[in-house]
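Data first, discussion second: the structure below is written as structure tokens.
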Amino acid sequence: MRVFRTQIQDVGARRGVGVLESRLTGLSREAFARDVWARTAALTRGASDFSDVFSPSAVDDLISRRGLRTPFLRVAKDGSTLPESSFTAPAGVGATIADQLDDTALWRAFADGATLVLQALHRTWEPVADLVSDLSTELGHPVQANAYVTPPQNRGFDAHYDVHDVFVLQIEGTKRWIIHEPLLPDPLRDQPWTDHRSAVADRAARSTAHLDTVLGPGDVLYLPRGWLHSARAQGHVSIHVTLGVHPWTRYALAEQLTQAALAALRDDPTMRRSLPLGAGCRDGERELVRERLLAAVAKADPAPSFERARRAQGRPAPLGPLAQLSALNGLRPTSPVRLRGAVEPLLSGTRLFTRVGYLDLPASDLVPVTRLLDGRIRTAGDLGLALAERLLRAGVLLPGDR
């Protein structure tokens, strides 16, 4: 078990370091990748003051004032998830949608010992969204966020494992975490713990815990996917935010490679030919198909489809339609513009790929577009007004003064 201790004021004040080092582990990206990532659980005491990221008032605001709907919240008690109908209701004239959160029902459930789980917090709370975007960019893997609000002495969920890595950020109160080593190391997304429910329960009950500790505000716990865990609040309300990292795997790359090979075989007349009548699956046919398939795999390039799939797993930075229109209407040579955050640009030849689509560029635009990709704020005149306007309309550029 790796345990790290950091000084909040020192780590948070550093400049030019990533979110792993400045907020979560005190380790550089290189050190984290070498010693921790996908290898072992790691606990960082006093990693950061997270009051700027999430807080009890944020919980109350989201539940009572934002008009959230399911599935942005679920409720659990005694290891089971409560039906959505027990905590949702219409909200009166002009807001009659039936699956909105009912704050009175949620208060009663919480007071009765239920855990509130605010899901996809990176879509509903801006400070969390910013942290998730920074972490996803640094890791190169998609990240999402949930918040768990647990009343005193409540367990929340039984021992289980996740099919993604997690960073647990303790926000408020304390929580006891019991961690066991994996039953199924590195599970894929279609290998959930519920497929091994009895074995997971047996491992948690019979084996010695790898870690049994209490997290306090500012502590961060990292768990690779597959590590068994359960948690219980102590004497007060506990709030923690879980950052779920959904890693791309070698298996996922193999899927893309196979798909690229199969796409190539569609253009092979021999492979499109019908099997002989009554042939079944004879040895000669199997060997022919195996030979052609292996040859197609050897020639296939999974990179284009892999990059498309990877981009689809994340979202670009927010774009305000009115601010964008104002920037277009007021565009001047001196207007500051910047590349939209998390847009995942890739310039391949004369085509610019991004999370919001692709653009074919004339050769004269390649140099200014290449300069733009460094992420610095430019002026529309640096790029050329026509190019700046085109990229603003496409949602690739944003006004640089916001």
Side-chain angles (χ1 to χ4, degrees), residues 6 8-9 11-29 32 44 47-62 65-66 68 72 117-149 164-172 217-220 222 239-246 310-311 313-324 327 336-345 354-356 373-377 395-402:
T6 63
I8 293 174
Q9 63 271 26
V11 173
R14 294 178 193 164
R15 301 179 64 86
V17 296
V19 68
L20 275 173
E21 185 171 355
S22 65
R23 304 298 311 250
L24 301 181
T25 68
L27 296 176
S28 68
R29 180 177 181 274
F32 181 78
T44 307
S48 186
D49 176 3
F50 294 113
S51 59
D52 62 321
V53 176
F54 204 60
S55 66
S57 61
V59 175
D60 286 344
D61 190 27
L62 284 164
R65 298 180 182 276
R66 298 298 182 100
L68 291 188
F72 282 109
V117 185
L118 287 156
Q119 303 191 123
L121 202 59
H122 56 292
R123 294 292 296 133
T124 59
W125 197 251
E126 184 176 359
V128 173
D130 292 341
L131 181 65
V132 164
S133 179
D134 289 344
L135 182 61
S136 180
T137 298
E138 187 170 355
L139 296 179
H141 296 278
V143 180
Q144 50 92 210
N146 292 345
Y148 295 79
V149 186
H164 51 268
D165 297 53
V166 299
F167 290 90
V168 177
L169 285 55
Q170 188 67 28
I171 305 296
E172 182 84 3
D219 291 344
V220 173
Y222 166 75
I239 302 173
H240 77 265
V241 171
T242 294
L243 306 180
V245 184
H246 296 255
R310 191 177 69 83
R311 285 194 202 93
Q313 292 296 311
R315 292 178 60 89
L319 180 153
L322 299 185
Q324 200 76 353
V337 292
R338 59 185 170 85
L339 186 69
R340 187 176 179 182
V343 79
E344 289 282 329
T354 74
R355 273 194 170 131
V356 295
L373 299 186
D374 66 11
R376 298 179 184 177
I377 294 178
V396 175
L397 276 188
L398 296 181
D401 55 353
R402 292 180 174 85

* To do: Kindly give the heavy-atom pair with the smallest separation between Ala327 and Pro399, and that separation in Å.
  => CB-CG, 3.5 Å
* To do: Search all heavy atoms of Leu243 against all heavy atoms of Ala145 and return the closest pair with its distance.
  => CD2-CB, 3.8 Å
* Report the residue from Leu135, Val245, Asp165 that forms a side-chain contact (heavy atoms from CB on, under 4.5 Å) with His141. => Val245
* Using a 4.5 Å cut-off on heavy atoms from C-beta on, say whether the side chain of Glu172 contacts that of Pro217. => no
* Heavy-atom distance under 4.5 Å between the side chains of Leu139 and Leu20, does that happen here? -> yes
* Quick one: does Val356's side chain get under 4.5 Å of Leu319's, heavy atoms only? -> no
* Asked: Any sub-3.5 Å donor-acceptor pair from Arg29's side-chain atoms to Gly18's backbone N or O?
  -> no
* Arg338 to Ile377 - nearest heavy-atom pair and separation -> CB-CG1, 4.1 Å
* To do: Please work out which of the three classes, parallel, tilted or perpendicular, describes the rings of Tyr222 and Phe32, given edges at 30° and 60°.
  => perpendicular
* To do: Show the numbers, then the answer: is there a side-chain contact (heavy atoms from CB on, under 4.5 Å) between Tyr148 and Val168?
  => CA-CA 10 Å; Tyr148 295 79; Val168 177; over 6 Å; no
Would you mind writing out the side-chain donor-acceptor pairs for residues 50-57 within the sub-3.5 Å range, not counting sequence neighbours?
residue : atom : partner : partner atom : Å
Ser51   : OG   : Asp49   : OD1          : 3.0
Ser51   : OG   : Asp49   : OD2          : 3.4
Asp52   : OD1  : Arg23   : NH2          : 2.9
Asp52   : OD2  : Arg23   : NH1          : 3.2
Ser55   : OG   : Ser57   : OG           : 2.9
Ser55   : OG   : Ala58   : N            : 3.3

* Asked: Just by distance, do the side chain of Asn146 and the backbone of Ala120 share a donor-acceptor pair under 3.5 Å?
  -> yes
* To do: Mind running side-chain contact (heavy atoms from CB on, under 4.5 Å) on Val396 and Arg340 for me, showing each step along the way?
  => CA-CA 6 Å; Val396 175; Arg340 187 176 179 182; 5.8 Å; no
* Student check: side-chain heavy atoms of Arg66 and Thr124 closer than 4.5 Å -> no
* Straight-line distance of Gln313 CD to Glu344 CD, nearest 0.5 Å -> 11.5 Å
* Going by heavy atoms in the side chains, are His122 and Arg315 under 4.5 Å from each other? -> no
* To do: With side-chain contact (heavy atoms from CB on, under 4.5 Å) as the test, would you mind laying out the steps for Leu169 and Leu24 before giving the verdict?
  => CA-CA 8 Å; Leu169 285 55; Leu24 301 181; 4.0 Å; yes
* To do: May I ask you to decide if Ser133's main-chain N or O and Thr137's side chain share a donor-acceptor pair within less than 3.5 Å?
  => yes
* Is there a side-chain contact between Leu398 and Gln324 (heavy atoms, below 4.5 Å)? -> yes
* So does Glu126 have more than 12 non-hydrogen atoms from other groups sitting under 6.0 Å from CD? -> no
* Structure fact -> Rounded to the nearest 0.5 angstrom, the CZ-CG distance for Arg376 and Leu339 is 13.5 Å
* Asked: Closest heavy-atom contact between Val17 and Ser22?
  -> CG2-CB, 3.7 Å
* Asked: Which pair of heavy atoms, one from Val343 and one from Pro316, lies closest together, and at what distance?
  -> CA-CB, 4.2 Å
